[in-house]
Amino acid sequence: MADKNTKADKGNSAPPASKKIDWQARKLENAKRDDTSVVFCRARDTGDFINILNSNDNLVYQMRMNMGRRESLTFEVVKSYIDRSRRIKEELNLMNAEMCQLLDYTYKPPRGFDHPLKKQEKQAVPGAETGKK
C-alpha cells in the first residue's frame, strides 16, 4: 500500500497555488454554472458596470428572499426597488441604441428588450401620415 506522502517526502510536491490561480479557477467554475453569463471587458469602465450589476443582482435576490420577514422589507418597498432597477435597465438599453445610431451601427437589443428608438419612430409616424395641419 503506497503512502500518500511519498511525493512530499521526495521533495517533488507542487508549489502552493498562487492566489491568481485560485481566482482564475473560481472564475472558470462560475462560468460553467447555468445562472452565469460571461462578460468581456473591452472598455476600462465595463468592470465597474459588472461589479455594480453583480452587487445589484445579489441585493435584489436578498430583498426578494427576505421580503415580509423584516418589517422594513414590505412588498411595496421591494417592488419600488425592482421597478427602479427595471427603469435603469431600460435607460441603459436606450443609451446603447442611441450610441449605435451615432456610430451608424444596427442595434440589436438583448433578449427580452425592445428597440427603444423604433418605439419612438412608430409614435412619431402616425401624426406625419395624416398630412393635416
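- Heavy-atom minimum distance, Phe75 versus Met67: CA-SD, 3.7 Å.
- Between Arg64 and Ile82, the closest side-chain pair of non-hydrogen atoms falls below 4.5 Å.
- In this structure, Asn66 contributes its side chain and Gln62 its backbone to a donor-acceptor pair below 3.5 Å.
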Margin query: Arg26 vs Asp22, test: salt bridge (Lys or Arg N to Asp or Glu O under 4.0 Å). Steps then yes/no.
Written below: CA-CA 6 Å; Arg26 270 195 329 270; Asp22 291 342; 6.0 Å; no
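- The distance from the CZ atom of Phe49 to the CG atom of Asn54 is 13.5 Å, given to the nearest 0.5 Å.
- Here the straight-line distance linking atom CG of Leu53 with atom NZ of Lys89 works out to 9.5 Å at 0.5 Å rounding.
- Salt bridge status for Glu29 with Lys32: present, with a side-chain N to carboxylate O gap under 4.0 Å.
- In this structure, Arg87 and Glu91 have side chains that are not in contact, with every pair of non-hydrogen atoms separated by 4.5 Å or more.
- None of Ile52, Asn58, Leu59 except one satisfies the side chain to side chain contact (heavy atoms under 4.5 Å, CB included) rule with Ser55; the exception is Leu59.
- For the atom pair OG1 (Thr46) and CG (Asn51), the distance works out to 11.0 Å, reported to the nearest 0.5 Å.
- Sorted by first and then second residue, the pairs that involve residues 97-116 and meet side-chain hydrogen bond (donor to acceptor under 3.5 Å, both in side chains), not counting sequence neighbours, are Asn93-Tyr107.
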Next item on the list: Carefully, step by step, assess Ser72 and Val77 under the rule side-chain contact (heavy atoms from CB on, under 4.5 Å).
Entry: CA-CA 8 Å; Ser72 62; Val77 169; over 6 Å; no
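- Expressed to the nearest 0.5 Å, how far CD1 of Ile88 lies from CE of Met95 amounts to 12.0 Å.
- Nearest heavy-atom pair across Val78 and Met63 is CG2-O, 4.0 Å.
- The closest side-chain heavy-atom distance from Leu117 to Leu94 is below 4.5 Å.
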